[in-house]
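Structure first, then comments.
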Amino acid sequence: MTAKETFDRLAAKFPQFPLGYLEGKDTAILVKGENLVGLAQHMRDDEEYDYCSSITGVDYPDRFEVVYHLYSTKKEGGPVILKVHAERENPMLPSVVSIWPTANWQEREVWDLMGIRFSGHPNLTRILMWEGFEGHPLRKDFPGSEDEYIFG
């Protein structure tokens, strides 16, 4: 099943969710944060995307984006990519750990390095940086520049 076929089925199933379809090199389904958990639950239970292989954060000038790569171990086809935007000021999205346990450490990593909080996460603590570390080092507004060593 292609990502476009999955998108078409999701759009028909959830007309109340304003989904977007981003076609290109990495075809993706754009979902709003408030609809993420409901859509994720459906993706796992009804669409059989039972494996969340990666979650990563992207820092754009006007927003953050969290990208989810979902796979099915039960049916043929490549991944479905979900993208969710978060505001620059106080970025927060709901956690999907209850749906895909593999999201646990990945959400912690995105929080630690990008500063995007995941509400409902069972243990949203730093995973790479030490407790007490100031800031989130992969954000574009983190102090330092290419000719300045951040830790040196």
Side-chain angles (χ1 to χ4, degrees), residues 1-131 133 135-142:
M1 175 161 311
T2 67
K4 179 65 170 135
E5 291 169 331
T6 301
F7 170 78
D8 290 341
R9 281 210 330 270
L10 292 173
K13 173 89 176 163
F14 297 103
Q16 72 275 24
F17 291 2
L19 301 174
Y21 183 71
L22 306 170
E23 194 163 21
K25 180 179 175 228
D26 293 323
T27 300
I29 297 170
L30 182 62
V31 60
K32 291 190 174 222
E34 61 265 20
N35 301 326
L36 176 61
V37 172
L39 187 70
Q41 188 78 49
H42 173 79
M43 293 294 288
R44 185 196 66 191
D45 295 344
D46 299 332
E47 301 290 331
E48 297 183 326
Y49 285 93
D50 54 344
Y51 180 55
C52 180
S53 69
S54 71
I55 300 173
T56 191
V58 183
D59 185 353
Y60 290 107
D62 62 333
R63 70 185 187 281
F64 289 104
E65 184 173 85
V66 177
V67 182
Y68 302 79
H69 287 84
L70 309 177
Y71 288 86
S72 175
T73 62
K74 300 173 184 173
K75 62 182 182 181
E76 296 287 325
V80 167
I81 300 170
L82 299 180
K83 293 185 176 184
V84 186
H85 294 169
E87 297 177 5
R88 284 215 59 86
E89 297 300 319
N90 194 25
M92 184 176 299
L93 295 174
S95 175
V96 294
V97 170
S98 64
I99 298 164
W100 295 294
T102 56
N104 190 327
W105 283 25
Q106 296 178 68
E107 287 180 353
R108 287 178 61 195
E109 180 180 30
V110 171
W111 151 244
D112 192 6
L113 300 178
M114 299 292 292
I116 301 168
R117 290 190 173 276
F118 293 91
S119 61
H121 190 283
N123 184 28
L124 195 62
T125 57
R126 291 202 179 265
I127 192 166
L128 297 171
M129 306 309 290
W130 56 94
E131 287 300 326
F133 183 84
H136 305 282
L138 290 186
R139 287 178 65 145
K140 290 182 179 170
D141 60 1
F142 189 75

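No more than 12 heavy atoms of other residues, nucleotides or ligands shown are found within 6.0 angstrom of NZ on Lys13. The number of heavy atoms from other shown groups lying within 6.0 Å of CD (Gln41) is above 12.
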Checklist line | Residues Leu39, Leu19; criterion side chain to side chain contact (heavy atoms under 4.5 Å, CB included); working and verdict | finding: CA-CA 10 Å; Leu39 187 70; Leu19 301 174; 4.1 Å; yes
Next item on the list: Output, in order, the C-alpha distance, side-chain angles, deciding distance and verdict of side chain to side chain contact (heavy atoms under 4.5 Å, CB included) for Asn123 and Arg108.
Entry: CA-CA 8 Å; Asn123 184 28; Arg108 287 178 61 195; 4.0 Å; yes
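The distance from atom CG of Leu22 to atom NZ of Lys83, rounded to the nearest 0.5 Å, is 6.0 Å. Rounding to the nearest 0.5 angstrom, the gap separating the CG atom in Leu70 from the OG atom in Ser54 is 8.5 Å. In this structure, Asp112 CG and Ile127 CD1 are separated by 7.5 Å, a value rounded to the nearest 0.5 Å. The distance from the OG1 atom of Thr6 to the CD1 atom of Ile81 is 11.5 Å, given to the nearest 0.5 Å. To the nearest 0.5 Å, atoms CD1 (Ile116) and CD (Glu65) are separated by 9.5 Å.
Summarising the geometry of Val84 relative to Lys32, their closest heavy-atom pair is CG1-C, 4.1 Å, with the distance given to 0.1 Å. Nearest approach of Ala103 to Ile55, heavy atoms of both residues: CB-CD1, 3.5 Å. Between Pro94 and Phe118, the shortest heavy-atom contact is O-CD2, 4.0 Å. The two atoms that bring Leu36 and Leu82 nearest to each other are CD1-CD1, 4.4 Å, heavy atoms only. Taking every heavy atom of both residues into account, Gly38 and Phe14 meet most closely at O-CZ, 4.5 Å. For the residue pair Thr125 and Glu131, the shortest heavy atom distance occurs at CB-OE2, 3.7 Å.
In this structure, the side chain of Glu48 does not engage the main chain of Ser72 through any donor-acceptor pair within 3.5 Å. For the pair Arg88 (side chain) and Tyr60 (backbone), a donor-acceptor distance under 3.5 Å is present. Remark: the backbone N or O of Ile99 is paired with a side-chain donor or acceptor of Arg44 at under 3.5 angstrom. Although no hydrogens or angles enter the test, the distance criterion places a donor-acceptor pair under 3.5 Å between the side chain of His136 and the main chain of Trp111. Under a 3.5 Å cut-off, the side chain of His121 and the backbone N or O of Leu124 do form a donor-acceptor pair. A distance-only check finds no donor-acceptor pair linking the side chain of Thr56 to the backbone of Val67 [under 3.5 Å]. In this structure, Arg117 contributes its side chain and Met92 its backbone to no donor-acceptor pair below 3.5 Å. Put simply, the side chain of Glu109 never gets that close to the backbone of Leu128: no donor and acceptor are under 3.5 Å apart.
Of the candidates Tyr49, Tyr71, Tyr68, Pro79 forms a side chain to side chain contact (heavy atoms under 4.5 Å, CB included) with just one, namely Tyr71.
Between His42 and Leu10 the shortest side-chain heavy-atom distance falls below 4.5 Å.
The aromatic rings of Tyr21 and Phe7 lie tilted to each other, with the angle between the two planes from 30° to 60°. Relative orientation of the Trp130 and Phe133 rings is perpendicular, given thresholds of 30° and 60° on the angle between their planes.
A donor-acceptor contact closer than 3.5 angstrom is absent between the side chains of His69 and Ser53.
The pair Arg139-Asp59 does not meet the salt-bridge criterion, since no charged nitrogen lies less than 4.0 angstrom from a carboxylate oxygen.
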